[in-house]
Amino acid sequence: MKKVNARELEAISWNSPKGTFGGYGFQISEALGRQPQSTDLLLRHPFDVEILHVPAGKIAYPFHSHGLQWEFYYVLSGSGEVRDDDGTTPVARGDAFLFKPGEAHQIANRTDDELVIVVVADNPLNESTHYPDSDKWIVRSPERRVVRASDDDYFAGEE
């Protein structure tokens with residue numbers, strides 16, 4: 001058995017140029033040996049686990065949908081709102097929610113406290129992501145890490 005403690009992992013953080021989007025996360029699955037670019041499912045793992053932190057006043061990432069990937073979320077602490085195609089829904093500690101492929105989503109923290117969420121995704125090969133607000137898309141594959149529909153920056157048209 002391989003064991004890690006999230007408190008001992010280094011966080012991966014991000015911020016958009018204008019500061020609208022931001023957060024940080026602890027990549028639990030990768031610390032346990034997941035190799036995201038591998039096509040060997042024993043090395044890739046059947047799911048990915050992240051502890052996502054959304055600071056006060058931030059949106060975690062642009063509104064997007066996945067072509068193949070399922071994502072499960074469980075709110076550990078704080079509160080925020082989740083945007084989907086039908087509008088926004090408040091979420092708080094203890095709430096769980098799921099997005100299947102094709103369902104656009106976004107997490108925002110409009111409070112003064114940090115929002116912390118466990119995210120579990122199923123890691124499909126050759127995943128694509130669509131960003132409805134800017135009409136961009138990304139295709140990820142093991143052979144070519146990221147292929148973009150345009151040369152635009154990831155946050156272009158989002159802020």
Considering only heavy atoms from C-beta outward, does the side chain of T88 approach that of V82 to under 4.5 Å?
no

Same cluster or not: are Y74 and I28 linked, directly or through other Ile, Leu, Val, Met, Phe, Trp or Tyr residues, by side-chain heavy atoms under 4.5 angstrom apart?
yes

Where do E114 and Y24 land on the side chain to side chain contact (heavy atoms under 4.5 Å, CB included) test, with the steps shown first?
CA-CA 11 Å; E114 187 169 71; Y24 62 98; 2.7 Å; yes

Ion pair check, E71 and K100, cut-off under 4.0 Å
no

Quick one, T20 with K18, criterion side chain to side chain donor-acceptor pair (under 3.5 Å). Give me CA distance, side-chain angles, the key distance, then yes/no.
CA-CA 6 Å; T20 303; K18 295 181 182 177; over 6 Å; no

Could you tell me if the side chain of F21 sits less than 4.5 Å from the side chain of K58, heavy atoms only?
no

Does any part of the side chain of L125, heavy atoms only, come nearer than 4.5 Å to the side chain of E127, both counted from C-beta?
no

Shared hydrophobic cluster, V4 / F47 (ILVMFWY, side-chain heavy atoms < 4.5 Å)
yes

Which residues pass the side chain to side chain contact (heavy atoms under 4.5 Å, CB included) test with D112, not counting sequence neighbours?
none

Are any non-hydrogen side-chain atoms of L52 and V116 less than 4.5 angstrom apart?
no

Is a side-chain N or O of S29 found less than 3.5 angstrom from the main chain of V49, in a donor-acceptor match?
yes

Quick one: does E159's side chain get under 4.5 Å of P17's, heavy atoms only?
yes

H130 versus S65: any side-chain heavy-atom pair under 4.5 Å?
yes

Joint hydrophobic cluster, L98 plus V118, side-chain heavy atoms closer than 4.5 Å:
yes

Applying ring pair (Phe, Tyr, Trp, His ring centres under 6.0 Å), run through F97 and Y73 and close with a yes or a no.
CA-CA 5 Å; F97 47 100; Y73 296 81; 5.0 Å; yes

Where at least one partner belongs to residues 77-96, residue pairs that pass salt bridge (Lys or Arg N to Asp or Glu O under 4.0 Å), sequence neighbours excluded:
E81-R110, R83-D133

The ring-ring contact (aromatic ring centres under 6.0 Å, His included) partner of H105 among Y131, F63, F99 is F99

Could you state whether V91 and W70 fall into the same hydrophobic cluster, counting links through intermediate Ile, Leu, Val, Met, Phe, Trp or Tyr residues with side-chain heavy atoms under 4.5 angstrom apart?
no

With a 4.5 Å cut-off on side-chain heavy-atom distances among I, L, V, M, F, W and Y, is there a chain of contacts connecting L76 to V120?
yes

Would you call D48 and D122 a side-chain contact if the rule is heavy atoms closer than 4.5 Å?
no

Counting N and O atoms only, with roles assigned by atom type, does the side chain of N109 sit under 3.5 Å from a partner on the main chain of V54, one being a donor and the other an acceptor?
yes

Heavy-atom distance under 4.5 Å between the side chains of L115 and H53, does that happen here?
no

